[in-house]
Amino acid sequence: MTEPFEMVVGLEVHAQLKTETKLFCACPNDGFGAPPNSRVCPVCTGQPGALPVLNRKAVELAFKAALALNGKLAHKSIFARKNYFYPDLPKAYQISQYDEPFCLGGEVLLRLKDGKTKTVQLARIHMEEDAGKLLHAVGSQTLNHSLVDFNRGGVPLIEIVSQPEIFSSEEAYAYLTSLKEILQYAQVSSCDMEKGEMRCDANISLRPKGREKFGTRAEIKNLNSFKNVKDALEYEFLRQSDILSSGGKIIQETRLWNGKETVSMRSKEEAHDYRYFPDPDLVPIDLSPEWIKKLKSEIPELPQARRERFVSEYHLSPYEAEVLTASQAVSDYFIQVLKLPGAQNNAGVLAKLIMNIPDFSPIPEKQMASLTHLCAQKTITLNQAKELYPEIRESKKDPKVLVEEKGLAQVLDEKILRDWVKEALAANPQAISDVKGGKKQAAGALVGAVMKLSKGKANPALVNKLIFEGIDKA
Ligand SMILES: [Zn+2]
């Protein structure tokens, strides 16, 4: 390779809106895993005379996505017909938005390695309906014809189009991670990629490093996991740089990622190929400021704001804040437990508790507050809490009662500890003179002796302190 290239990537993400029903009919929006064609009606199968009725809830969720992503809502937006023929599209057009989408602009904050951040601007967000799905096999049996399942047809989607401001596969991954978090926190989409609720197309071109002008791009279709996006971009970067380095030209085309490589699918259509025109069956969407104000007030705290608050208000480390906010459910739980007596003012301990327990599954908030209190008071250690956790979850007992029943509580009473220390010192004169002679590690035997006397319940840090005090006096 002669010239060092950089990739220039723009991502188009389709997210399925979390509505009860489809975008233009009353069919349930829960077709994943349902029997084929069990979620269909004359509207979403394009029967003659059937007319679409816009789902208000879908519009509200789309607007919330725009607000959460700092996009600019258009005062008026319209639906357009995107015309093309394919067997999964019964009307032979898809209802989408074209030159008057509901949102222009917006931004996504990327969190990169070593605490670095970067903002990627959005070009636009628009609403559209999903198409059906072709089946070429049933179970393990390949068919000599294709079947079509229209359950997905008419499912409400938003398409979020980024500016070509992503310059590496890592940035693409970070972009998708942040975007998914924001859409999930805003309750707009579940973004479950395994159910096809979030899908991504990537436009990628190469240019010599340091040059402004874009190269010719290829579009990679239907990337259904973050890892696929990363792998496909890395593959495509090598493919295009090989062509460019040997003096070849990139063809503008649509390619498909098959898990190993990208393969040419068709030459890329231009927008005018689709003969877009305003859908005469649907009225424009008019915004009222009151409506937007109401929607804005309904958006829960978003992940970035929550991360910052966890650091400034609860004094968690940025790392702890990052881990806890990775899931909205976990961070909500954290906030709820903190309101209870016992956990109040012990945010740091609660954070560590939640993070220390592998495969964390929440226990009732009251139990968690009690467990936090026991750790904060040093009655038990974080490790003991971790070991006790499965039993707390199963027995549903107050952790305090369990700790008492099991006799786990650490002895912190200095009076009791001093007696044990005295006994240990009296039995080990050699260790005392070793420590005095400079062999500090000889104190280990004394700590061990106290732990034995206390049946493991003495607080090791306190014992250590008291032993050195005792030796000084001896
Ligand atoms: Zn329908």
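Since the model is a prediction, treat every value here as computed from it, not as a measurement. When a ligand or atom number is given, it counts from 1 through the structure's own listing order.
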Residue set satisfying side-chain contact (heavy atoms from CB on, under 4.5 Å) with Ser327, at least two apart, ordered chain then number -> Ala329, Val330
Applied to residues 330-345, the salt bridge (Lys or Arg N to Asp or Glu O under 4.0 Å) test, sequence neighbours excluded, yields Arg306-Asp332
- Assess the pair Tyr98 and Tyr274: is the distance between their ring centroids shorter than 6.0 Å? no
Sorted by chain and number, sequence neighbours left out, side-chain contact (heavy atoms from CB on, under 4.5 Å) with Val323 holds for Tyr319, Met355
A correct count of protein N/O/S atoms found below 2.8 Å of the Zn ion (ligand 1) gives 4
query = Is Lys386 positioned over the aromatic face of Tyr389, cation under 6.0 angstrom from the ring centre and no more than 45 degrees off axis?
reply = no
Check your understanding: Among side-chain atoms of Gln328 and Gln187, is any donor-acceptor pair under 3.5 angstrom?
Key -> yes
